[in-house]
K.L.:
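Mind looking over this structure? Questions follow.
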2 protein chains.
Amino acid sequence: MVQKSKPPAAANPPERRGEPERRSEPKRRGRPRAYEPEIALGKALDLFRKQGFAATSLDDLSEATGMNRPSLYGAFGDKRELYIKSYQRYREEAAASMVEIFRQEMPLRQRLERIYAAALDIYLSGDTGPRGCFTVVTAASEAVGDPEIRAMVLDGLTGLDKAFASCFRRAREKGELPENADPIALAQVASATIHTIAIRSRARVPRKELEAIVKGAIDVMVGAKG
Amino acid sequence: MVQKSKPPAAANPPERRGEPERRSEPKRRGRPRAYEPEIALGKALDLFRKQGFAATSLDDLSEATGMNRPSLYGAFGDKRELYIKSYQRYREEAAASMVEIFRQEMPLRQRLERIYAAALDIYLSGDTGPRGCFTVVTAASEAVGDPEIRAMVLDGLTGLDKAFASCFRRAREKGELPENADPIALAQVASATIHTIAIRSRARVPRKELEAIVKGAIDVMVGAKG
DNA sequence: GGATTATTTTGCGAGATGGTACAAAAATCG
DNA sequence: CGATTTTTGTACCATCTCGCAAAATAATCC
């Protein structure tokens, strides 16, 4: 898992470009790419999620993406840039899986349940074991030393807070919560619940237990029984 | 910060053993140690908390502890063992700072406030910026790949859950909580609040904001106003 | 004082690491 | 076809990494 000396054969998937470029690409000039940047970035993201920044070597990334190092460097920049791009990609995917749930009209309790179910799907995915949340598990670790990563982490944290806050605010307006409920405090508890399941999933707490934690937290936030 | 080639002079603190050994040590036989294992372990812990496992090199540890590598190796074993011993030390210290608060008799709200204040003291300490919680920030990251570390992390998580649960159970018996309050669910929210401030402190969220989050969470758990 | 014991010190070695230089390869353009 | 352009593949570098062996040092024991 650490070194490689990649077998030089079988490195080239024969189907390397079904249609050369999605659409409207006039026709690229030089030698065609042997990889698809989007899926390579996904592989890099998988690795960073599993191992974190420092424990992931360029050889690991090279092997996982199928790109050799110079190609990696040319496509994404150095290791830190690749990490940041992976993190951006992660956040886009995570946001995409939740934005619909925040937008649609539905009862508060159901909305919370679906948000947490989506989060668990993300945190528990992974071939070699659940990987938790990128923000919580690896990015927060890098955040002390790297202002750019820290800014992204902060942005992610407050973004989640705000999404939950507006969701509680709407619920209060619709009479699903008592008049004196504090949407901001509730949102922070809702975020904290996200964080606790992110951490616990990384420690391989089984999904059933995580779901029980979620249910208990929802009860505390909106009142027991549905 | 990465390499060293330590200046060979000035490496030996002249006061290296005020009293050779605390007490009852009959008299150590060979050359005396130039370091105190306890404080060296503390320095190692500081580094691991700041940088995590993979990003911390033996040279870093050697420089921080003042021990050269073979001495480190002899005293603590290899890097992973040193990491585990550091983590044990961290947990002992953290437990020591909280056990009194859990044991003493006091109103629920005050107990929670003091627990969170103690946690913030730990998370926000550090010369070069707050370091968060070892369990949450670095150990959880290693937990996927290392069963021994994972077991320790799980033990830490459930230990905190249980401490909070018994605290809520007592409060309910004393009438500080409604009869239908669920101590386990409340405990998990209390743990989640610990986790969220651990993560946020790592992202340099200022103490004032963390305290506001704590206050909001306490209100949600035990009911607004004190 | 000499033997014994425990620790420090120096330094090494095999290998991994992040990053890059450079030529060969594979496409389009004229 | 040859020129141009872009990417790939190989090889390399300087540094860092972990762990260890061998020798030097400093204490106690007899």
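Letters A, B, ... mirror the listed sequences (proteins, then strands); counts begin at 1.
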K.L.:
How would you list all residue pairs meeting ring pair (Phe, Tyr, Trp, His ring centres under 6.0 Å) that involve residues 57-77 of chain A, not counting sequence neighbours?
P.N.:
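Of all non-adjacent pairs touching residues 57-77 of chain A, none passes ring pair (Phe, Tyr, Trp, His ring centres under 6.0 Å).
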K.L.:
Taking only residues at least two apart or on different chains, which pairs with a member in residues 195-215 of chain A satisfy ring pair (Phe, Tyr, Trp, His ring centres under 6.0 Å)?
P.N.:
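Applying ring pair (Phe, Tyr, Trp, His ring centres under 6.0 Å) to every pair that reaches into residues 195-215 of chain A, excluding sequence neighbours, yields nothing.
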K.L.:
Taking ring pair (Phe, Tyr, Trp, His ring centres under 6.0 Å) as the test, write out the residues that go with B/Tyr123, two or more places apart.
P.N.:
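Testing B/Tyr123 for ring pair (Phe, Tyr, Trp, His ring centres under 6.0 Å), a comparison that skips the adjacent residues, returns none.
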K.L.:
Rounded to the Å, how far apart are A/Arg69 CZ and C/dA16 P?
P.N.:
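Distance, rounded to whole Å: 12 Å.
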K.L.:
Under 3.5 Å, is there a donor-acceptor pair between the A/Ser62 and A/Asp59 side chains?
P.N.:
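Not at all, the side chains of A/Ser62 and A/Asp59 share no donor-acceptor pair under 3.5 Å.
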K.L.:
Nearest whole Å is fine: how far is C/dG15 P from A/Leu58 CG?
P.N.:
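Taking atom P of C/dG15 as the reference, CG of A/Leu58 is at 21 Å.
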K.L.:
Suppose we screen for salt bridge (Lys or Arg N to Asp or Glu O under 4.0 Å). Which residues come up paired with A/Arg204, at least two apart in sequence or across chains?
P.N.:
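None.
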K.L.:
For residues 143-153 of chain A, which residues have at least one heavy atom under 4.0 Å from DNA chain D?
P.N.:
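Heavy-atom cutoff 4.0 Å gives no residues at all.
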K.L.:
Given atom CG of A/Asp59 and atom P of C/dG15, what is their separation to the nearest angstrom?
P.N.:
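Rounding to the nearest Å, CG of A/Asp59 and P of C/dG15 are 15 Å apart.
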K.L.:
Applying side-chain contact (heavy atoms from CB on, under 4.5 Å), can you list everything that pairs with A/Thr158, at least two apart in sequence or on another chain?
P.N.:
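Result, side-chain contact (heavy atoms from CB on, under 4.5 Å) vs A/Thr158: none returned.
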K.L.:
A/Asn68 side chain: which of D/dC20, C/dA26, D/dG9 is closest?
P.N.:
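Side chain of A/Asn68 sits closest to D/dG9.
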K.L.:
To the side chain of B/Ser71, which of C/dG19, D/dT8, C/dT8 is closest?
P.N.:
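Selected nucleotide: C/dT8.
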K.L.:
Output all residues satisfying side-chain contact (heavy atoms from CB on, under 4.5 Å) with B/Ala139, sequence neighbours left out; order by chain, then residue number.
P.N.:
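B/Ala139 satisfies side-chain contact (heavy atoms from CB on, under 4.5 Å) with B/Tyr83, B/Tyr87, B/Phe134, B/Ile149, B/Val153 only.
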K.L.:
Is the phosphate of C/dT17 approached by A/Ser57 (side-chain N or O, under 4.0 Å from OP1 or OP2)?
P.N.:
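Checking A/Ser57 against C/dT17: at least one side-chain N or O falls below 4.0 Å of OP1 or OP2.
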K.L.:
Which residues satisfy the side-chain hydrogen bond (donor to acceptor under 3.5 Å, both in side chains) test with A/Glu148, sequence neighbours excluded?
P.N.:
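Checked A/Glu148 against side-chain hydrogen bond (donor to acceptor under 3.5 Å, both in side chains); matches are A/Arg80.
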K.L.:
Nearest whole Å is fine: how far is D/dT7 P from A/Tyr35 OH?
P.N.:
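Rounded to whole Å, this separation is 6 Å.
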K.L.:
Tell me, which of residues 72-84 of chain B have any heavy atom that sits under 4.0 Å from an atom in DNA chain D?
P.N.:
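Of all residues in residues 72-84 of chain B, the ones placing a heavy atom under 4.0 Å from DNA chain D are B/Tyr73, B/Asp78, B/Lys79.
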K.L.:
Counting heavy atoms from C-beta on, name the nucleotide in D/dG19, D/dC20, D/dC12 closest to the side chain of B/Pro70.
P.N.:
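When the side chain of B/Pro70 is considered, D/dC20 is the closest of D/dG19, D/dC20, D/dC12.
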K.L.:
Between protein and nucleotides 3-6 of chain C, what N or O pairs are separated by less than 3.5 Å?
P.N.:
unit_1: C/dT4; atom_1: O2; unit_2: B/Arg29; atom_2: NH1; d: 3.2
unit_1: C/dA6; atom_1: O4'; unit_2: B/Gly30; atom_2: N; d: 3.3
unit_1: C/dA6; atom_1: O3'; unit_2: B/Arg28; atom_2: NH2; d: 3.4
unit_1: C/dA6; atom_1: N3; unit_2: B/Arg31; atom_2: N; d: 3.3

K.L.:
Which pairs count as salt bridge (charged side-chain N to carboxylate O under 4.0 Å, His left out) when at least one residue sits in residues 183-201 of chain B, sequence neighbours excluded?
P.N.:
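Qualifying pairs: A/Asp161-B/Arg200.
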K.L.:
Who are the side-chain contact (heavy atoms from CB on, under 4.5 Å) partners of B/Ala192, not counting sequence neighbours?
P.N.:
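Here the qualifying residues are A/Ala192, A/Thr196.
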K.L.:
Give me the atom names and distance for the closest heavy-atom approach of A/Phe48 to A/Lys79.
P.N.:
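For A/Phe48 versus A/Lys79, the nearest heavy atoms are CZ-O, 4.2 Å.
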